[in-house]
Amino acid sequence: MSRPIKCRRIQHQPCRAWFKPVGIPMVDLEEVNVTLDEYEAVRLADLEDLYQEQAAEMMGVSRQTFGNILNSAHKKIADCLVNGKVIKIEGGKYATQDVDMIRCNTCSYKWAMKNDDVHSGRCPQCGSLDQNGIDFDL
């Protein structure tokens with residue numbers, strides 16, 4: 001018997017839930033479901049260029065689990081692109097949480113900070129005070 005899936009934290013819902021090849025009616029296309037946690041993993045790793053360890057912490061999972069989620073999403077997306085299938089983004093076991101992303105302007109290190117955390121004002125990597133928030137809105 002497998003372990004139950006742990007609830008994953010996500011920051012944003014996708015701006016669109018469906019992506020399909022142009023010029024082919026939906027009824028003629030096979031559909032592949034990408035879960036919201038898979039979507040979030042792709043967004044954090046590929047769009048925001050976060051290290052897997054940082055992204056895993058943001059999602060509340062281990063680095064290994066994050067890697068597994070990301071690999072699953074990549075395979076599904078590749079299948080859709082190569083074989084002309086519809087991507088449908090929905091489902092999964094997730095919870096939304098307010099998290100701020102900070103980027104150090106000195107060393108470009110990025111890290112997550114929960115809105116209720118107290119921030120020392122220093123970059124955890126280089127100790128610089130020169131940093132700014134990152135806007136994750138899509």
Side-chain angles (χ1 to χ4, degrees):
M1 180 177 188
S2 63
R3 291 177 20 184
I5 294 175
K6 183 177 179 182
C7 191
R8 287 87 189 256
R9 291 189 305 253
I10 65 167
Q11 285 183 274
H12 295 281
Q13 301 281 335
C15 58
R16 304 281 185 271
W18 297 85
F19 295 88
K20 73 172 208 65
V22 174
I24 304 171
M26 288 281 284
V27 296
D28 296 336
L29 294 169
E30 188 177 333
E31 180 182 299
V32 174
N33 186 60
V34 173
T35 62
L36 283 158
D37 55 327
E38 290 170 331
Y39 163 84
E40 182 75 350
V42 168
R43 188 182 71 79
L44 293 173
D46 299 335
L47 184 62
E48 300 303 332
D49 292 325
L50 294 178
Y51 289 109
Q52 286 191 9
E53 186 174 326
Q54 294 170 298
E57 182 180 324
M58 290 179 65
M59 289 184 66
V61 297
S62 70
R63 201 235 32 98
Q64 178 65 45
T65 298
F66 180 84
N68 292 341
I69 294 168
L70 187 60
N71 286 339
S72 174
H74 283 164
K75 285 183 187 263
K76 290 177 181 181
I77 293 167
D79 179 31
C80 291
L81 292 175
V82 171
N83 297 312
K85 297 178 182 178
V86 173
I87 298 172
K88 181 179 180 182
I89 304 171
E90 74 170 2
K93 188 167 184 179
Y94 67 93
T96 58
Q97 180 176 7
D98 292 327
V99 177
D100 291 328
M101 284 302 298
I102 310 294
R103 175 182 291 132
C104 177
N105 293 325
T106 303
C107 70
S108 298
Y109 182 74
K110 300 176 192 174
W111 71 96
M113 188 176 73
K114 294 178 189 166
N115 287 342
D116 56 355
D117 285 351
V118 177
H119 179 40
S120 70
R122 296 200 174 271
C123 171
Q125 179 106 349
C126 72
S128 171
L129 293 170
D130 184 18
Q131 54 204 241
N132 62 301
I134 301 171
D135 184 7
F136 272 153
D137 290 337
L138 296 177

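From a predicted model like this one, the values you see are computed outputs, not experimental measurements.
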| request: Before giving the answer on side chain to side chain contact (heavy atoms under 4.5 Å, CB included), spell out for Ile89 and Leu36 the whole-Å C-alpha distance, their side-chain angles and the decisive distance to 0.1 Å. | output: CA-CA 6 Å; Ile89 304 171; Leu36 283 158; 3.9 Å; yes

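- Inspection of the Asp130 and Ser128 side chains reveals no N or O donor paired with an N or O acceptor under 3.5 Å.
- Residues Gln125 and Thr106 form no side-chain contact, since every pair of their non-hydrogen atoms from C-beta on lies 4.5 Å or further apart.
- The local environment of CD in Glu53 is sparse, with at most 12 non-hydrogen atoms from other residues, nucleotides or ligands closer than 6.0 Å.
- Between Met58 and Arg9, the closest heavy-atom pair is O-NE, 3.1 Å.
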| side chain to side chain contact (heavy atoms under 4.5 Å, CB included) assessment of Gln11 paired with Leu44 | CA-CA 10 Å; Gln11 285 183 274; Leu44 293 173; 4.1 Å; yes

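- Note that SG of Cys80 and CD of Glu30 are 8.5 Å apart. Values are rounded to the nearest 0.5 Å.
- For Gly92 against Asp37, the heavy-atom pair with the smallest separation is CA-OD1, 4.2 Å.
- Heavy atoms from other residues, nucleotides or ligands lying under 6.0 Å from CD of Gln52 number more than 12.
- Other residues, nucleotides and ligands contribute only 12 or fewer heavy atoms inside 6.0 Å of the OH atom of Tyr51.
- Between Tyr39 and Val34 the shortest heavy-atom distance is N-CG1, 3.9 Å.
- The shortest distance between side-chain heavy atoms of Lys76 and Ile87 does not fall below 4.5 Å.
- Side-chain contact between Cys126 and Tyr109 is absent, with no heavy-atom pair separated by less than 4.5 Å.
- Between Pro21 and Leu29, the shortest heavy-atom contact is CD-CD1, 3.7 Å.
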| field | side chain to side chain contact (heavy atoms under 4.5 Å, CB included) assessment of Thr35 paired with Arg8 | value | CA-CA 11 Å; Thr35 62; Arg8 287 87 189 256; over 6 Å; no

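- Ile24 and Val32 are members of different hydrophobic clusters when ILVMFWY side chains are connected at heavy-atom separations under 4.5 Å.
- Taking each heavy atom of Leu70 and Ala45 in turn, the nearest pair found is CD2-CB, 3.7 Å.
- Between Ile69 and Glu38 the shortest heavy-atom distance is CG2-CA, 3.7 Å.
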